[in-house]
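Just so you know, these numbers come straight off a predicted model, no measurement behind them. Counting starts at 1 for both ligands and their atoms, following the listed order.
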Amino acid sequence: MTTLQIHDKLFKPYISEEAIREKVVELAAALDHDYKDKNPIFIAILNGAFIFAADLFKSLTIDAEISFIKLASYKGMKSSGQVITAVGLDIEIFDRHVVILEDIVDTGKTLNEFLPQLRHQQPASLKIVALLHKPDATVYPLKVDYTGFEIPDKFVVGYGLDYNGRGRNTASIYQLFE
Ligand code: 5GP
C-alpha cells in the first residue's frame with residue numbers, strides 16, 4: 001500500500017482511479033438521460049471540483065454548457081457571521097436548467113448558503129451533483145441530487161481535493177490515517 005505524505009499528515013489509498021472513472025461514467029449516463037434536450041448549464045465550484053468537472057463534462061454526450069465559479073466567504077454585517085458570494089458568476093441562468101458540480105459536500109453549509117442566491121435568479125431547475133458526500137457530517141439541510149460516493153466523516157484528498165493547498169494532483173482519492 002502506497003501511502004501519501006502531505007505536509008505533516010499521512011494518507012492511505014481510499015478510492016481508486018478505476019472506481020472513480022466508473023462512477024463518473026455512471027453519473028454522466030444519468031445526467032445524459034435526465035437532461036436530454038434541456039441544454040443544461042453546469043456550474044463547477046472551484047478549486048476542488050476542477051478535475052471531477054472536466055472528467056464528468058467530457059463523459060457527457062448531450063448538448064450542455066459549463067461555467068466555473070469560486071465561492072468566497074467573508075464576514076458580513078449580519079450577526080450570523082459569514083456571507084458566501086460567487087466570484088465569476090457571469091452567466092444568465094434565468095429559465096435555464098442549472099446543475100452544480102461540487103467535489104464534496106461535508107456540513108452542507110457552503111451550498112446551503114449559496115443556493116438561495118442562485119434560486120433568486122429563477123433558473124428553470126437547480127440540482128446538485130457531488131462526487132463525495134459525507135452524510136454523517138451534514139448539519140445544514142441540503143438535498144444532493146446525484147452523489148458519486150457516500151463516505152464517512154473522515155478527511156480525504158486527491159483528484160482535485162487538497163490539504164492546505166497540496167495533494168490535488170493525484171488520480172485517486174486518499175483518506176487520512178487515524
Ligand atoms: P461544507 O460547506 O459542505 O461543510 O464544505 C464543503 C467544502 O469543504 C468542500 O467544497 C471542500 O472544499 C471542503 N471539505 C470538506 N470535507 C473535505 C475533505 O474531506 N477533504 C477536503 N480536501 N476538503 C473538504
- Message: For the 3.5 Å polar cut-off, considering only N or O atoms, please tell me whether F155 and ligand 1 meet it.
- Response: no

- Message: Below 3.5 Å, N or O to N or O, backbone or side chain included: is there any such pair between D106 and ligand 1?
- Response: yes

Of all the atoms in ligand 1, which lie at a distance below 4.0 Å from a heavy atom belonging to [X]?
X    : value
T110 : 1 (P), 2 (O), 5 (O), 6 (C)
E102 : 10 (O)
K134 : 16 (N), 17 (C), 18 (C), 19 (O)
K109 : 1 (P), 2 (O), 3 (O)
D162 : 21 (C), 22 (N)

- Message: Just by distance, no angles: are the side chains of D55 and Y159 close enough, under 3.5 Å, to form a donor-acceptor pair?
- Response: yes

Among protein heavy atoms, which lies nearest [atom], and at what distance?
atom                    : answer
atom 4 (O) of ligand 1  : T107 OG1, 2.4 Å
atom 10 (O) of ligand 1 : D103 OD1, 3.2 Å
atom 20 (N) of ligand 1 : V156 O, 2.7 Å

- Task: Give a yes or no on whether a salt bridge exists between E92 and R96, defined as a side-chain N under 4.0 angstrom from a carboxylate O.
- Result: no

- So, K143 and D145, do they make that salt bridge, N to O below 4.0 Å? yes

- Message: I'd like to know whether V105 forms a side-chain contact (heavy atoms from CB on, under 4.5 Å) with T110, so could you lay out the CA-CA distance, the side-chain angles of the two residues, the decisive distance to 0.1 Å, and finally the verdict.
- Response: CA-CA 8 Å; V105 172; T110 313; over 6 Å; no

- Heavy atom of G48, distance to ligand 1 below 4.0 Å: no

- Heavy-atom donor-acceptor pair, T147 side chain to F149 backbone, under 3.5 Å: no

- Between Q5 and H7, is there a donor-acceptor pair closer than 3.5 Å when you use the side chain of the first and the backbone of the second? yes

- Message: Do K12 and Y174 form a cation-pi contact, if we require the NZ or CZ to be under 6.0 Å from the six-membered ring centre and within 45 degrees of the ring's axis?
- Response: no

- Are any non-hydrogen protein atoms located under 4.0 Å from atom 8 (O) of ligand 1? no

- Would the number of heavy atoms belonging to other residues, nucleotides or ligands and lying under 6.0 Å from NE2 of H33 be above 12? no

- Message: Please check if the number of heavy atoms outside R21 that lie under 6.0 Å from its CZ is greater than 12.
- Response: yes

- Going by the 4.0 angstrom heavy-atom rule, the piece of N112 near ligand 1 is neither

- Message: Nearest non-hydrogen contact with atom 24 (C) of ligand 1 belongs to which option: L111, I104, V105?
- Response: I104

